[in-house]
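In this chain, numbering begins with 1 at the start of the sequence shown. Please read all numbers here as calculations on a predicted model, not as lab measurements. Both backbone and side-chain heavy atoms feed into the values below; hydrogens, waters and symmetry mates do not.
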Amino acid sequence: MKKDNSSFSVTKLPISARPWFIYIILAPIFFILLGYVVYPLYRVFIDSFYVDGKFSLELYKRFFSLSSMTNIQATWNSLYISVLSVISCGIVGTALAFLLESYEFPGRKVLKAFAVIPMALPSLIGAISFDFLYGSTGIIPRGLKEIFGLANVPFYLKGIAGVIVVHTFTMYTYFYLPISAALRNRDSSLEEAALNLGASKGQVFRRVTLPMLTPSLIAASLLVFMISMASYTAPLIYGIDRTLTMQIVLSRTNGDLGMASTQSTILTVISVAFLIIMRLYEGKRNYASVSKGAAVHRKEVKSQFKKTLAIVASIIVVIILLLPILTIILISFSEDGTWTYQVLPPKYTITHYVELFTNAKTWRPIKNSLIMSLIATAGNVIFGVMVAYAVNRVKFKGKGIIDKLIMVPWALPGTVVGISLIAAFNVPSVFSFGKVIVATFWIIPLAYFVRHLPLIYRSTYAAFSQTDTSCEEAARGLGANWWYSFCRVVLPMVAGGIASGAILGFVQGIGEFVASILLYTPRSVPISVAIYQKMYSFNFGTACAYGVLQIVLVAILLLISEKLKGDSKISAI
C-alpha cells in the first residue's frame with residue numbers, strides 16, 4: 001500500500017516572492033545611484049567647502065563678494081534669461097497650440113507638421129544656425145543691407161536678446177506639445193456652459209480653460225526654466241560669458257575646480273528649489289474635471305480674407321521654421337575659408353560629405369559619438385528596466401527614494417554633471433573600481449548614462465504601469481520560471497516603451513555638448529565638440545556637414561520613436 005505524502009508537500013514560492021530576490025535587484029540599483037548620482041554631487045558639495053584640504057567658507061565668500069560681482073551678475077543673468085525664456089516660450093508655444101487646435105483653416109495641417117521641426121535641431125546647431133542667419137554677419141542682415149544699399153546692417157541678434165530668441169525657437173515645443181494634447185482632451189462642454197451662463201470669453205479663458213491647462217503649463221515652465229538655466233551654447237555663441245554655466249566652464253578651464261564646485265552647487269540649489277516650488281504650487285490645487293467630457297470641434301475660418309491671411313501666415317511661419325535647417329544644409333556645401341564678407345558662400349563643394357565617411361580623422365568624432373551614445377544607452381536600458389520593474393512590480397520600502405534619486409539628473413545642468421564627475425573620479429574610488437577615469441574615454445559615456453537615466457526609466461515605468469500582471473502570473477502558473485516569464489512575457493509587452501526611451505536617450509547623447517566640452521580628450525571628441533572646434537577654426541562647411549549628419553540622425557530616430565509610441569500607445573515622458 002502506497003503512503004500518501006501529499007499532506008507533507010510544500011508549495012514553493014515564486015522567485016520574485018522570496019526574501020532574497022529583492023536584494024538581488026536592489027543591490028546594483030543602490031550601488032549605481034549611490035556611486036554615480038549621489039557620490040559625485042556629494043563630492044562637488046564637499047569640495048566647495050574645502051580650500052587646500054581645510055574646511056573653509058572662502059569659496060562662498062568669493063562667490064558673493066561685492067568687490068567682484070562676476071558670480072552675482074552671472075547668477076542674476078541666468079535667472080533673468082531663464083524667466084524670460086519661460087515667458088517667451090509660453091507665449092509662442094501656447095498661442096500656436098490654441099491656433100492649431102481651436103481653428104480649422106487652409107494650411108493648418110502643414111503648419112502642424114512643421115511646428116515640431118525645432119526638436120530635430122541639437123542645441124549647438126540651433127544656436128549656430130541662428131548666428132548664420134541673424135547674427136552681425138548673418139545672411140539676412142547682410143542681404144537687407146545689400147538690397148536697400150544701407151551703410152550698415154539694419155539689425156542683428158546679439159547679447160541676451162539673441163539668447164532669448166534662440167531659446168524661444170528651440171524650446172517653444174516644450175509648451176506647444178503638452179498644451180496641444182491638453183486642448184485636444186479638454187472638456188469643451190464646460191466652456192459652453194460658462195458662455196451660456198453669461199460669462200465673457202475672457203472670463204471663460206481665465207476661469208475655465210486656463211485652470212484645465214495649469215498642469216501642462218507648470219510642467220512646461222519647469223522644463224524650460226531648467227533647460228535655460230543649464231544653457232551653455234546660446235550664451236557661448238552670443239558672447240554672454242556671465243552666466244553660471246559659462247562661469248563653471250571658465251573656472252574648470254582655468255583650473256579653479258573649487259570655484260567650479262561652488263558655482264555648480266549654487267546652480268543645483270536654484271534648479272532644485274524651482275522644481276520644489278513648482279511642484280508645491282501644482283499640488284495645492286485640484287485640476288481634474290468631473291464631467292464626462294465632450295468632443296472638441298475646431299472652428300472653421302469661413303471669411304475669404306481670413307483664409308488668404310491664414311495661408312500667407314502659414315507659409316511665412318513654415319519658412320521661418322525651415323530656414324535654420326536650410327541654412328545649415330546650404331553652408332555645409334560651402335568651401336572652408338571662402339565665405340567672408342559675402343551675403344552667401346561664393347564657392348561650393350561636396351568634399352565635406354565625402355570626407356565624413358572616407359577621412360579617418362574626420363570620421364573619428366562621428367564614430368566616437370555613436371559608440372559613446374550606444375554604450376550609455378545600453379547601460380540606461382539595463383538599469384532603467386531593472387529599476388522600473390522593481391518599483392512597479394516588487395514590494396519594498398524606499399520606492400519613493402529611488403524614484404526621486406533617479407530623477408535628480410534631469411534637474412541638473414550638464415555643466416553640473418560634468419563637474420561632479422570630475423570631482424568624484426579624478427582619484428581612484430570603489431565606484432571607479434580603483435581607477436582614475438577622468439581624462440579617459442569612459443568618462444563621457446558615464447556622463448551620458450547619468451544625464452539620461454530618467455528618460456528610459458520613465459518610459460519603461462509607464463509601459464509596466466499599462467501592462468496587466470495576470471499574463472506574467474499565468475506564465476508562472478504554467479510552470480515557467482521567473483527568468484523565462486520575464487524574458488518571454490514581460491519584456492515583449494513593454495518593448496515599445498523601452499525602445500522609445502532608448503531612442504530618446506540615444507538622440508540626447510548624439511546632441512550632447514555641455515557635459516562633453518568639459519570631459520572630452522583629443523581621442524574622445526564627439527560630434528558636438530568637433531562642430532564647435534571647426535566653427536572656431538572658421539571651417540564652416542565642415543562644421544555644418546557634421547551638423548547636417550547630426551540633424552538627419554536625430555530626425556530619423558525621433559520619427560522611429562514617434563512610430564513606436566503610436567504603435568504601443570505608450571509615451572516616453
Looking at [X] and [Y], what are the two nearest heavy atoms and their distance?
{"X": "Thr173", "Y": "Ala115", "value": "CG2-O, 3.7 Å"}
{"X": "Tyr176", "Y": "Val116", "value": "CE2-CG1, 4.1 Å"}
{"X": "Ile456", "Y": "Gly384", "value": "CG2-CA, 4.4 Å"}
{"X": "Tyr174", "Y": "Leu223", "value": "CD2-CD2, 3.4 Å"}
{"X": "Gln550", "Y": "Gly511", "value": "NE2-CA, 3.5 Å"}
{"X": "Ile443", "Y": "Leu519", "value": "CG2-O, 3.7 Å"}

Ignoring hydrogens and geometry, is there a side-chain-to-backbone donor-acceptor pair from [X] to [Y] under 3.5 Å?
{"X": "Thr170", "Y": "Gly126", "answer": "no"}
{"X": "Gln247", "Y": "Leu250", "answer": "no"}
{"X": "Asn380", "Y": "Phe449", "answer": "yes"}
{"X": "Ser82", "Y": "Met229", "answer": "yes"}
{"X": "Ser102", "Y": "Leu99", "answer": "no"}
{"X": "Ser78", "Y": "Leu244", "answer": "yes"}
{"X": "Ser420", "Y": "Val417", "answer": "yes"}
{"X": "Thr327", "Y": "Leu133", "answer": "no"}
{"X": "Thr440", "Y": "Val436", "answer": "no"}
{"X": "Ser271", "Y": "Thr268", "answer": "no"}

According to the interplanar angle, ranging from 0 to 90°, do the rings of [X] and [Y] count as parallel (below 30°), tilted (30 to 60°) or perpendicular (above 60°)?
{"X": "Phe55", "Y": "Phe49", "result": "parallel"}
{"X": "Phe513", "Y": "Tyr532", "result": "tilted"}
{"X": "Phe132", "Y": "Phe540", "result": "perpendicular"}

Determine whether the aromatic ring centres of residues Phe425 and Phe431 are separated by less than 6.0 angstrom.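 Between Phe431 and Phe425, the centre distance exceeds or equals 6.0 Å.
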Let me see the working for Ser48 and Ser261 under side chain to side chain donor-acceptor pair (under 3.5 Å), right down to the final yes or no. CA-CA 5 Å; Ser48 70; Ser261 295; over 6 Å; no
Can you check whether [X] reaches [Y] side chain to side chain, under 4.5 Å on heavy atoms?
{"X": "Leu421", "Y": "Val438", "result": "no"}
{"X": "Tyr134", "Y": "Leu323", "result": "yes"}
{"X": "Ile248", "Y": "Tyr232", "result": "no"}
{"X": "Ser524", "Y": "Thr521", "result": "yes"}
{"X": "Val514", "Y": "Thr245", "result": "no"}
{"X": "Pro122", "Y": "Ile551", "result": "yes"}

Mark yes when over 12 heavy atoms from residues, nucleotides or ligands other than [X] sit less than 6.0 Å from its [atom1]; otherwise mark no.
{"X": "Lys158", "atom1": "NZ", "value": "no"}
{"X": "Leu326", "atom1": "CG", "value": "yes"}
{"X": "Asn254", "atom1": "CG", "value": "yes"}
{"X": "Tyr42", "atom1": "OH", "value": "no"}
{"X": "Tyr80", "atom1": "OH", "value": "no"}
{"X": "Phe538", "atom1": "CZ", "value": "no"}

Taking side chain to side chain donor-acceptor pair (under 3.5 Å) as the criterion, tell me which of Gln263, Arg242, Arg62 meets it with Asn71.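 Of all the options given, the one that passes is Gln263.
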Kindly determine whether Ser231 and His167 satisfy side chain to side chain donor-acceptor pair (under 3.5 Å), including the steps that lead there. CA-CA 9 Å; Ser231 178; His167 281 186; 2.8 Å; yes
Going by side-chain contact (heavy atoms from CB on, under 4.5 Å), name the residues that satisfy it together with Leu321, two or more places apart in sequence or in a different chain.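 Once residues adjacent in sequence are excluded, the partners of Leu321 under the side-chain contact (heavy atoms from CB on, under 4.5 Å) criterion are Phe114, Pro118, Phe169, Tyr172, Val317.
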Side-chain H-bond candidate by donor/acceptor type, Ser65 with Ser68, under 3.5 Å: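 No, Ser68 and Ser65 have no side-chain donor paired with an acceptor closer than 3.5 Å.
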Value rounded to 0.5 Å, distance of OG in Ser369 from CD1 in Ile510: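 Interatomic distance, Ser369 OG to Ile510 CD1, rounded to 0.5 Å: 5.5 Å.
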